[in-house]
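Here's the structure, in structure tokens; my notes come after.
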Amino acid sequence: MDEFVTERRARQDALWPSCQLLPGVRKLVEHLAKHKIPMAVATGSIRRNYDLKAVHHPELFDLFEGRVICGDDSRLKGLGKPRPDIFLLAAELLGRKVGEGEVSSLDTEGEEGKSFIQERARGLVLEDSTNGLEAGQRAGMKTIWVPDEKFRALAPNETYGADGVLESLESFKPEEWGLPPYEP
């Protein structure tokens with residue numbers, strides 16, 4: 001097993017420099033930054049791999065102003081997706097008061113619980129994985145699934161409960177999600 005992991009890491013490391021942004025990512029991130037919309041990265045990737053991927057696009061990833069949570073972040077205590085913790089931590093990095101735990105565990109009768117639920121509902125999660133979708137849903141945030149085309153082909157009509165499904169971020173319409181529209 002150790003030999004497999006070592007070989008896989010070496011192969012991935014050779015590919016990271018050629019890792020391209022997905023279509024539509026640059027346009028969306030630059031648009032949100034221009035309009036001062038708070039945003040963060042919440043990835044299941046370990047920090048080492050994230051850094052190796054992001055280093056080739058500093059002009060884009062700098063727009064997140066260091067608000068990046070990786071799957072191996074000690075504050076997650078090993079609780080990755082599909083648990084909601086990574087998205088709740090990202091929201092906290094954005095200065096939002098969202099509380100802890102799954103949205104279903106919040107006190108819907110108390111003022112604090114109601115406030116957390118309302119604040120979480122303002123969050124928008126863009127995800128490529130089903131575990132990430134579930135994490136976003138368990139956090140009480142809106143979710144958009146942008147699956148890999150090969151994965152999508154396995155179940156073309158499945159939404160996994162996402163609030164929206166996009167073939168590509170190129171087809172994302174910010175105004176449909178309460179964000180400023182792209183300029184013509």
Side-chain angles (χ1 to χ4, degrees), residues 4-5 7-35 37-64 67-73 76 80-87 90-91 121 123-184:
F4 169 76
V5 170
E7 184 175 332
R8 183 188 69 186
R9 177 175 276 188
R11 288 181 184 210
Q12 285 178 328
D13 288 353
L15 294 173
W16 295 137
S18 62
C19 190
Q20 298 297 312
L21 295 172
L22 292 174
V25 168
R26 180 176 304 283
K27 179 180 179 182
L28 176 59
V29 171
E30 289 176 348
H31 174 73
L32 295 176
K34 177 182 176 184
H35 291 280
I37 305 296
M39 56 186 166
V41 173
T43 176
S45 292
I46 62 171
R47 174 62 69 164
R48 174 192 180 279
N49 291 351
Y50 168 82
D51 288 342
L52 288 169
K53 289 185 264 188
V55 73
H56 307 290
H57 306 284
E59 71 291 344
L60 185 75
F61 287 97
D62 286 351
L63 296 174
F64 290 95
R67 295 180 298 242
V68 177
I69 304 298
C70 293
D72 60 349
D73 190 299
L76 295 175
K81 299 173 186 178
R83 292 192 41 107
D85 305 65
I86 195 166
F87 292 121
L124 179 61
V125 172
L126 300 167
E127 256 298 336
D128 62 342
S129 76
T130 55
N131 275 350
L133 277 180
E134 184 178 340
Q137 293 158 359
R138 290 167 76 178
M141 299 176 181
K142 294 182 286 293
T143 57
I144 299 176
W145 186 35
V146 190
D148 174 82
E149 64 186 40
K150 292 176 184 158
F151 184 80
R152 182 75 172 145
L154 297 174
N157 297 318
E158 183 60 65
T159 66
Y160 296 98
D163 296 300
V165 179
L166 300 174
E167 299 301 318
S168 164
L169 284 177
E170 289 179 309
S171 58
F172 180 73
K173 294 183 175 137
E175 64 274 16
E176 292 179 1
W177 299 93
L179 298 166
Y182 288 130
E183 295 167 10

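Along the sequence shown, residues are numbered consecutively beginning with 1. Reckoned from all heavy atoms, side chains included, excluding hydrogens, waters and symmetry mates.
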Indicate whether the side chain of Ser129 and that of Lys81 have a donor and an acceptor atom separated by less than 3.5 Å.
no
Name all pairs fulfilling the side chain to side chain donor-acceptor pair (under 3.5 Å) condition that reach into residues 147-160, sequence neighbours left out, sorted by first residue then second.
none
Verify, without hydrogens or angle tests, whether Gln20 (side chain) and Ser18 (backbone) share a donor-acceptor contact under 3.5 angstrom.
yes
Within a strict 4.5 Å, meaning less than it, do heavy atoms of the Thr143 and Glu127 side chains meet?
no
Is there a donor-acceptor contact under 3.5 Å from the side chain of Trp145 to the main chain of Leu166?
no
If we only count heavy atoms from C-beta on, is the His31 to Phe172 side-chain gap below 4.5 Å?
no
When Pro181 is tested against each of Glu176, Glu175, His35 for side-chain contact (heavy atoms from CB on, under 4.5 Å), which residue passes?
Glu175
Donor-acceptor check, side chain of Arg67 to backbone of Ala90, threshold 3.5 angstrom: yes or no?
no
With side chains defined as the heavy atoms from C-beta onward, is the minimum distance between Asp13 and Arg9 less than 4.5 Å?
yes
Would you please test Leu124 and Leu179 for side chain to side chain contact (heavy atoms under 4.5 Å, CB included) and show each step?
CA-CA 10 Å; Leu124 179 61; Leu179 298 166; 4.2 Å; yes
Look at the side chain of His57 and the backbone N and O of Cys19, then say whether any donor-acceptor pair between them is shorter than 3.5 Å.
yes
Main chain of Leu60, side chain of Arg26: is a donor-acceptor contact present, judged purely on distance under 3.5 Å?
no
Got Cys70 and Ile46 here, is their nearest side-chain heavy-atom distance under 4.5 Å?
no
Determine whether a donor-acceptor pair (N or O, by modelled atom type, separation under 3.5 Å) exists between the side chain of Lys142 and the backbone of Ala121.
yes
Note: Glu7-Arg11 ion pair, threshold 4.0 Å (strictly below)
yes
So do the side chains of Ile37 and Pro180 get within less than 4.5 Å of each other, counting heavy atoms only?
yes
